[in-house]
Visitor: 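Pasting a structure below so you can have a look.
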Amino acid sequence: MQGQNQQQAYDRGITIFSPDGRLYQVEYAREAVKRGTASIGVRTNDGVVLAVDKRIRSPLMERDSVEKIHKADDHIGIASAGHVADARQLIDFARRRTQINELRYGEPIAVETLTKEVTDYIQQYTQVGGARPFGVALIIAGIADGEPKLYETDPSGTPYEWKALAVGSDRGDIREYLEDHYDEDADLDGGIELALDALASVNDGELTPEGIGMATIGAETETFHQLTEDEKTEYLESFDLLASDDSDDEDTEE
């Protein structure tokens, strides 16, 4: 009985390490991320691509209300997986930091700097009593001095830089696909194709323009661009990924 009580103490207390050095609440937050639909980031020589699965729980829900890709600054986009409310808090924080940097220094914030400021903020919630970790992972993509950058934030507050990555459900399968097909020399269209192929690999090989979200940040323009329905349809048709009929699977998170 005493052992069970000690286990519960480690389980419930975010500020208490278990004897083997684990923070259980942080690990549970990572599990919350896995329940969210997938988000993918791909870095290419010409820019960065973000692609997300926007499956909805009911045909009565307006698809436009499902927000998984956000503009943080003209040159930075963010995709999320996990608890939507937690994601919105972090997106708002990131936007404030970009504005503060612009006002204070008169220049756009670096992608790495923004990522570390966001992860520093996340990390505070892993060591404060009465709080809980953020149950969301972010993909932060942008351009720094003409060079594409791609980062992941973890519920522990750790930043990672990637060439291509996935967060959310089916992360393992999508990552394996990205590892097998990633091309160091791909252009932006090649990055779009890889992201869509990876997303389709866990969706029966077919996608609908309404069921996905996509955005790019070009290295030359350094401008965030969210693809329209027509643009998504054109890419899906050209890559032979357009589904013949619309069908949505249920999910508990976004």
Side-chain angles (χ1 to χ4, degrees), residues 26 29-30 33 36 39-52 66-128 131-168 188 191-192 195 213-227 254:
V26 172
R30 292 193 180 109
V33 172
S39 294
I40 297 172
V42 177
R43 190 183 77 191
T44 72
N45 292 329
D46 296 336
V48 192
V49 178
L50 294 174
V52 299
V66 180
E67 296 180 303
K68 285 175 61 67
I69 294 182
H70 307 261
K71 178 181 177 181
D73 203 350
D74 289 339
H75 65 300
I76 298 177
I78 301 177
S80 66
H83 284 292
V84 179
D86 288 9
R88 291 188 63 85
Q89 288 293 313
L90 294 179
I91 299 297
D92 288 346
F93 173 83
R95 287 171 172 165
R96 289 196 299 271
R97 299 311 303 175
T98 62
Q99 294 168 12
I100 289 171
N101 191 89
E102 183 71 37
L103 290 171
R104 183 174 295 169
Y105 301 110
E107 62 182 16
I109 193 169
V111 185
E112 182 178 7
T113 300
L114 178 62
T115 301
K116 290 184 176 179
E117 290 194 9
V118 171
T119 52
D120 286 348
Y121 182 68
I122 293 171
Q123 192 275 336
Q124 293 176 24
Y125 283 80
T126 69
Q127 60 179 32
V128 177
R132 67 161 175 80
F134 288 93
V136 65
L138 303 179
I139 300 175
I140 302 179
I143 307 298
D145 297 325
E147 184 178 353
K149 295 289 186 179
L150 186 66
Y151 294 91
E152 174 194 6
T153 74
D154 179 79
S156 68
T158 306
Y160 302 96
E161 185 172 7
W162 294 83
K163 298 177 181 177
L165 79 151
V167 295
L188 197 58
I192 293 174
M214 291 202 74
T216 61
I217 307 99
E220 290 188 5
T221 62
E222 297 191 8
T223 301
F224 175 89
H225 170 65
Q226 194 151 355
L227 274 64
E254 296 172 354

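Sequential numbering from 1 along the given sequence is applied to the chain's residues.
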Visitor: Quick check: do Y151 and E112 have side-chain heavy atoms less than 4.5 Å from each other?
Guide: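 With C-beta onward as the side chain, the pair touches.
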Visitor: Treating N101 as the side-chain partner and E107 as the backbone partner, does any N or O pair qualify as donor plus acceptor under 3.5 Å?
Guide: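 Yes; at least one donor-acceptor contact below 3.5 Å.
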Visitor: Could you report the tightest heavy-atom contact between S80 and V136, atom names first, then the distance?
Guide: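 Distance-wise, the nearest heavy atoms are CB-CG2, 4.1 Å.
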Visitor: Relative to the ring of F93, is the ring of Y121 parallel (under 30°), tilted (30 to 60°) or perpendicular (over 60°)?
Guide: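 Y121 vs F93 ring planes: parallel.
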Visitor: Any side-chain to backbone donor/acceptor pair from D145 onto E147? Under 3.5 Å, distance only.
Guide: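 No; zero donor-acceptor contacts below 3.5 Å.
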Visitor: Please evaluate residues I40 and V52 with respect to the criterion side chain to side chain contact (heavy atoms under 4.5 Å, CB included), reporting the C-alpha separation (whole Å), side-chain torsions for both, the decisive distance (0.1 Å), and the verdict.
Guide: CA-CA 6 Å; I40 297 172; V52 299; over 6 Å; no
Visitor: Any sub-3.5 Å donor-acceptor pair from R95's side-chain atoms to K71's backbone N or O?
Guide: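 Checking the backbone N and O of K71 against the side chain of R95, a donor-acceptor pair under 3.5 Å is found.
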Visitor: Tell me, do W162 and V42 make a side-chain contact under 4.5 Å, heavy atoms counted?
Guide: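 They are not in contact (no side-chain heavy atoms under 4.5 Å apart), so the answer is no.
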Visitor: Nearest 0.5 angstrom please: T216 OG1 to I192 CD1, how far?
Guide: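 The distance works out to 5.5 Å.
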Visitor: Is the backbone of A144 close enough, under 3.5 Å, to the side chain of K149 for a donor and an acceptor to pair up by distance?
Guide: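 Judged by distance alone, no pair lies under 3.5 Å.
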Visitor: With a sphere of 6.0 Å drawn around CD of E161, does it hold more than 12 non-hydrogen atoms of other residues, nucleotides or ligands?
Guide: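 More than 12 heavy atoms, drawn from other residues, nucleotides or ligands, come within 6.0 Å of this atom.
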Visitor: Might you work through the side chain to side chain contact (heavy atoms under 4.5 Å, CB included) test for V48 and F224, ending with a clear yes or no?
Guide: CA-CA 10 Å; V48 192; F224 175 89; over 6 Å; no
Visitor: Let me confirm one number: the CD-OG1 distance from E152 to T119, rounded to the nearest 0.5 Å.
Guide: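 With rounding to 0.5 Å, CD (E152) is 11.0 Å from OG1 (T119).
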Visitor: Just wondering, do I139 and I78 contact through their side chains at under 4.5 Å, heavy atoms?
Guide: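 Heavy-atom side-chain distance check fails, nothing below 4.5 Å.
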Visitor: Tell me if a side-chain donor or acceptor on T153 pairs with a main-chain N or O of L138 at a distance below 3.5 Å.
Guide: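 Such a contact is found between T153 side chain and L138 backbone.
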Visitor: Rounded to the nearest 0.5 Å, what separates atom CZ in F134 from atom OG1 in T126?
Guide: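 Nearest 0.5 Å value for the CZ-OG1 distance: 11.0 Å.
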Visitor: Which pair of non-hydrogen atoms, one from V49 and one from G191, has the smallest distance, and what is that distance?
Guide: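 Nearest heavy atoms, V49 then G191: CG2-C, 3.8 Å.
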Visitor: How about I217 and I76: do any of their side-chain heavy atoms sit closer than 4.5 Å?
Guide: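 A side-chain contact under 4.5 Å is absent here.
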Visitor: Once you round to the nearest 0.5 Å, how far does CZ of R43 lie from CG of L165?
Guide: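 These two atoms lie 11.0 Å from each other.
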Visitor: Which atom names give the shortest non-hydrogen contact between P108 and H75, and what distance separates them?
Guide: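 Smallest heavy-atom distance, with atoms named: CB-CE1, 3.5 Å.
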Visitor: Indicate yes or no for a side-chain donor-acceptor contact from E117 to the backbone of R97 under 3.5 Å, with no hydrogens or angles considered.
Guide: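 Flag not set: sc E117 to bb R97 has no pair under 3.5 Å.
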Visitor: For R132 and D86, run salt bridge (charged side-chain N to carboxylate O under 4.0 Å, His left out): C-alpha distance rounded to whole Å, both residues' side-chain angles, the deciding distance at 0.1 Å, then the answer.
Guide: CA-CA 11 Å; R132 67 161 175 80; D86 288 9; 2.8 Å; yes
Visitor: Determine whether a donor-acceptor pair (N or O, by modelled atom type, separation under 3.5 Å) exists between the side chain of T113 and the backbone of I109.
Guide: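 No, because the side chain of T113 does not come within donor-acceptor range (under 3.5 Å) of the backbone of I109.
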Visitor: Between atom OG1 of T44 and atom NZ of K163, what is the distance when rounded to the nearest 0.5 Å?
Guide: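 Here the rounded value is 13.0 Å.
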Visitor: Can you find a pair of side-chain heavy atoms, one from L114 and one from T98, that are under 4.5 Å apart?
Guide: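 With C-beta onward as the side chain, the pair touches.
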Visitor: Is a donor from one side chain sitting under 3.5 angstrom from an acceptor on the other, for D154 and S156?
Guide: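 Yes.
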Visitor: Please name the pair of heavy atoms, one in A219 and one in G146, separated by the smallest distance, quoted to 0.1 Å.
Guide: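 Closest heavy-atom pair between A219 and G146: CB-O, 3.8 Å.
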Visitor: For T221, does its backbone N or O pair with a side-chain atom of T223 as donor and acceptor, under 3.5 Å?
Guide: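 Pair found, side chain donor or acceptor close to backbone of T221.
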Visitor: When you look at Q226 and I69, which way does the side chain to side chain contact (heavy atoms under 4.5 Å, CB included) test go after all the steps?
Guide: CA-CA 8 Å; Q226 194 151 355; I69 294 182; 4.1 Å; yes
Visitor: Is the side chain of H70 donor-acceptor paired with the backbone N or O of D92 at a distance under 3.5 Å, no angle test?
Guide: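 Such a contact is absent between H70 side chain and D92 backbone.
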Visitor: Could you grab the distance from atom CG of L50 to atom OG of S39, nearest 0.5 Å is fine?
Guide: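 OG of S39 is found 8.0 Å from CG of L50.
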